[in-house]
J.: 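This is the structure, below, for whatever I ask next.
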Amino acid sequence: MKIEYPFPKDFLFGAATASYQVEGAAAEDGRLPSVWDTHAKNSGLVKNGDTGDVACDHYHRYREDIALMKNLGIGAYRFSCAWPRIIPDGDGAVNQKGIDFYDRLIDGLLEAGIEPWMTLYHWDTPQAIEDKFGGWRSRKTAEAFGRYAEVTAKAFSDRVTNWFTMNEFVCFTNRCYLDAHFPPALSLSQKEGFEVRHNALLAHGLAVQAIRANAKKTPKVGIAENPVYPIPVIETEEHIEASRKAFRAINSQYLTPIMEGAYPAEYLERMGADLPGYNRDDLKIIGQKLDFLGLNMYFPLWCENDGKGGFRIIPFPKDYPKMHISWLRYGPDVTYWGTRFAKELWNMDVYITENGCSGGDDKEIDGQIKDTDRLVYFRHYLRNASRAVQEGYPLKGYFHWSLMDNFEWNEGFSERFGLIHVDYATQKRTPKLSYDWYRQVIKERRVL
Ligand code: GBH
């Protein structure tokens, strides 16, 4: 029997980027600094002092990038809109030139037959919002975000149908205000951490409302979240059930309240005396039913039944296989189990909004990077995505992270996640072997 890993005709293949990571043009056409501009310049936490000032210069080279997308054959491009371009000081005047850029980008995509899938927020909060309100420490930031969502919906919803409010809650809440890792790199108290997360969740909910209230065509609204993925060590009912339970429990700070409109009791208990007062009515806004669930999938945690009705996460052994970037453990089954648990727990349609890896990208033959490391990763994560579809789980699409090499946050330009190589000195784009592979996969609609 020949084993195939097919995808149906309506399965959406795409690729993703984010504003601060690719656009550059940081001080152009009225854009004011975001917290990431400030962090890159002043914190000392970004490798080699790299910044997103120029990045891939996508702001000017988007036409060339769209041509590369078209040649790749993707049906959709997931990109993010920069809040500091649209409302540079966060809650004041709208900057028409910022809107004009996304108008050009969206029109260019549509001309090329590529659907624009817009993320409203991929971590680039206007610096003014941090300065005026204390960023996500304040409810005012959530309100300002709601207004920003209204402005973007009014501007783009005649052509954009599919929206993501936020990208990866943990990366702009806990990582920023508790772990001193991303801007503003603070180590606040647990109590303040809860408030930060609550305001961020509320901002998501207000944005969902704003998009639905202002869209010119019926929109589809979701998030692009990066939950933790416990997956069963052995595919037996006892370990599957333990892993499903773990998936809901471990993600109780973000995904579970968004899906269920309530903070799970275990989470509130764990907060104990650190639990601040909060407005319970907000949970109705936070938990509005979404049209789909976007999940960024990179690595799983291996999980087993602990024999006492609970679960146990198994730490990674010392030499567990990983990709180039230190945290990226290899675990291709995550695309299957992430989809399956989202369906079983919450009955949601799923899009994989990010999946990919950085590579050494050090083998070049005849002018092309032969990224067989990325290729083996990609092939096996996609096979598991195909398995989910074939078993009837509602996985509707896949976006590869990333279309091209870009500014990898605190790692600067030292980690390359692209299907397309970018020479930052010349801005020359060169498709890697994995780009050719994905192109063929999309053409044949099966994993090759
Ligand atoms: C995504 O982040 C981002 O959306 C995207 O912008 C980024 O470029 C891409 O993936 C690649 O990183 O706690 O030490 O085990 C992924 C964010 C970073 C979240 C690693 C989990 C685990 C680090 N992930 N993090 S650790």
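What you see is a predicted model; the values in this text were computed from it and never measured. One-based numbering, in listed order, for ligands and for the atoms of each.
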J.: Of the protein's non-hydrogen atoms, which lies at the shortest distance from atom 3 (C) of ligand 1, and what is that distance?
T.: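 Nearest protein contact, heavy atoms only, for atom 3 (C) of ligand 1 is Glu354 OE1, 3.4 Å.
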J.: Tell me whether Arg78 forms a cation-pi arrangement with Phe164, defined as NZ or CZ under 6.0 Å from the six-membered ring centre and within 45 degrees of its axis.
T.: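 Checked: cation-pi criterion met.
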J.: So which heavy atom in the protein is nearest atom 13 (O) of ligand 1, and how far is it from that ligand atom?
T.: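 For atom 13 (O) of ligand 1, the nearest protein heavy atom is Arg175 NH1, 4.3 Å.
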J.: Could you walk me through whether Glu260 and Lys289 pass the salt bridge (Lys or Arg N to Asp or Glu O under 4.0 Å) test, one step at a time?
T.: CA-CA 9 Å; Glu260 301 181 7; Lys289 174 103 179 111; over 6 Å; no
J.: Around Arg104, counting heavy atoms of other residues, nucleotides and ligands shown, do more than 12 lie under 6.0 Å from its CZ?
T.: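 Correct, the count exceeds 12.
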J.: Check this for me - ligand 1, Trp401, N or O atoms closer than 3.5 angstrom, yes or no?
T.: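 It does: an N or O of Trp401 is found under 3.5 Å from an N or O of ligand 1.
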J.: By number and element, which atoms of ligand 1 are closer than 4.0 Å to a non-hydrogen atom of Asn167?
T.: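 Near Asn167, meaning under 4.0 Å from one of its heavy atoms, ligand 1 has 4 (O).
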J.: Give me the nearest non-hydrogen protein atom to atom 9 (C) of ligand 1 as residue plus atom name, then the distance to 0.1 Å.
T.: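 Looking only at protein heavy atoms, the one closest to atom 9 (C) of ligand 1 is Tyr298 OH, 3.4 Å.
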J.: Is it the case that atom NZ in Lys322 sees more than 12 heavy atoms from other parts of the structure closer than 6.0 Å?
T.: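 Enclosed.
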J.: Closest non-hydrogen protein atom to atom 8 (O) of ligand 1, residue and atom name please, with distance?
T.: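 For atom 8 (O) of ligand 1, the nearest protein heavy atom is Glu408 OE1, 2.6 Å.
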J.: Is the shortest side-chain heavy-atom distance between Trp36 and Trp409 below 4.5 Å?
T.: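 Of all side-chain heavy-atom pairs linking Trp409 with Trp36, at least one is under 4.5 Å.
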J.: In terms of residue, atom name and distance, what is the protein heavy atom nearest to atom 26 (S) of ligand 1?
T.: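 Checked against all protein heavy atoms, atom 26 (S) of ligand 1 sits closest to Trp327 CB, 4.3 Å.
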J.: Using a strict 4.0 Å cut-off to heavy atoms of Phe417, name the atoms of ligand 1 that fall inside it.
T.: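 With Phe417 as reference, the close atoms of ligand 1 come out as 11 (C), 12 (O).
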J.: When you measure from the side chain of Asn406 to the backbone of Met404, do you find a donor-acceptor pair of N or O atoms at a distance under 3.5 Å?
T.: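 Looks like yes, one N/O pair under 3.5 Å.
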J.: Can an N or O of Trp123 be found at a distance shorter than 3.5 Å from an N or O of ligand 1?
T.: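 Not met; the criterion fails.
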J.: Please state whether His122 comes within less than 4.0 angstrom of ligand 1, counting heavy atoms only.
T.: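 Right, His122 reaches ligand 1.
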J.: In the protein, what heavy atom is nearest to atom 16 (C) of ligand 1, and what distance, to one decimal place, separates them?
T.: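 The protein heavy atom lying closest is Glu168 OE1, 3.4 Å.
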J.: Within 45° of the six-membered ring axis of Tyr393 and under 6.0 Å from that ring's centre, is NZ or CZ of Arg340 located there?
T.: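 The answer is no, since Arg340 fails at least one limit relative to Tyr393.
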J.: Does only the side chain of Asn226 get under 4.0 Å from ligand 1, or the backbone, or both, or neither? Count heavy atoms.
T.: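 Side chain only; the backbone of Asn226 stays clear of ligand 1.
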J.: Between Ser19 and Asp124, is any side-chain donor less than 3.5 angstrom from a side-chain acceptor?
T.: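 Present: a donor and an acceptor within the cut-off.
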J.: Do Asp65 and His58 meet the criterion of a side-chain donor-acceptor pair at a distance under 3.5 Å?
T.: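 Yes, His58 and Asp65 have a side-chain donor paired with an acceptor closer than 3.5 Å.
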J.: Taking non-hydrogen atoms only, is Val170 closer than 4.0 angstrom to ligand 1 via side chain, backbone, both or neither?
T.: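 For Val170, there is no contact with ligand 1 at all, from either part.
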J.: I need the contact type for Gln21 against ligand 1. Using non-hydrogen atoms and a strict under-4.0 Å cut-off, is it side chain, backbone, both or neither?
T.: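 It is the side chain that touches ligand 1; the backbone stays farther off.
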